[in-house]
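First the structure, in the form of structure tokens, and then the observations on it.
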Amino acid sequence: DTAVSQTPKYLVTQMGNDKSIKCEQNLGHDTMYWYKQDSKKFLKIMFSYNNKELIINETVPNRFSPKSPDKAHLNLHINSLELGDSAVYFCASSPSAGTGNTIYFGEGSWLTVV
Amino acid sequence: DAKTTQPTSMDCAEGRAANLPCNHSTISGNEYVYWYRQIHSQGPQYIIHGLKNNETNEMASLIITEDRKSSTLILPHATLRDTAVYYCMTAGNYKLTFGKGTLLTVNP
């Protein structure tokens, strides 16, 4: 069983559309994250939720809206998609938000905006 | 979070030990040293982390200097499948900040 799973794996969409990426973890973790890896391969944190509460928002445009219906799920909704949103989006989770925790990543969702 | 410095790339012969260095001279007392790797087109994979003491698991060993200003990740018997970008990071909380990492190429 995949510990952190994301869907869809690949997504091609037009500018201006609204799309969502879903993430689920079956590890029983309290904390979940969204990271973005751009064309230059830099991985940057976008959001983090702990027990469904937002704890990190790294000045991401408000077109990006994460939603955590329960602590096993953290979905990413993106409104009015722009060309610059093309990237790989990684969901991740950790046991808690404390120090020394291990963060486990999903396999990524490749978003291409045309 | 402290900044880390890693070589851009390294080569290693298959079956030999791969020693990947990392400098983190501004690390704070409560920050852990983390190592992840990313194989092409896959999600980052956790390798190992430590605070002060050396650590070993089934994947690798982590050697942290006594002053904690640098560390070395050791893959004892590198295989072709270990070719990846290796990221060294320090974190005092739940937030990992990825740098450029080291591209390790394991050669036959």
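What you see is a predicted model, and the numbers here were worked out from it, not measured in a lab. Numbered from 1 within each chain, the chains take letters A, B, ... in sequence-line order.
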- Item | Over 12 foreign heavy atoms within 6.0 Å of CZ, B:Arg16 | no
Tell me if a side-chain donor or acceptor on B:Tyr36 pairs with a main-chain N or O of A:Ile103 at a distance below 3.5 Å. yes
When the 4.5 angstrom heavy-atom criterion is applied to A:Gln6 and chain B, the contacting part is neither
Is B:Leu75 reachable from B:Ile64 through a run of I, L, V, M, F, W or Y residues, each pair having side-chain heavy atoms under 4.5 Å apart? yes
Okay, B:Gln45 and chain A: the region with an atom under 4.5 Å from a heavy atom over there is neither
Interface check, chain B: of A:Val88, A:Ile55, A:Thr31, most non-hydrogen pairs under 4.5 Å belong to A:Ile55
A:Lys71, NZ: over 12 other non-hydrogen atoms inside 6.0 angstrom: yes
Honestly, the part of B:Tyr32 sitting under 4.5 Å from a heavy atom of chain A is side chain
inquiry  = Would a single hydrophobic cluster contain both A:Met15 and A:Leu76, if residues Ile, Leu, Val, Met, Phe, Trp and Tyr are joined by side-chain heavy-atom contacts under 4.5 Å?
reply    = yes
Cut-off 4.5 Å, heavy atoms of chain B, and the answer for A:Leu43 is both
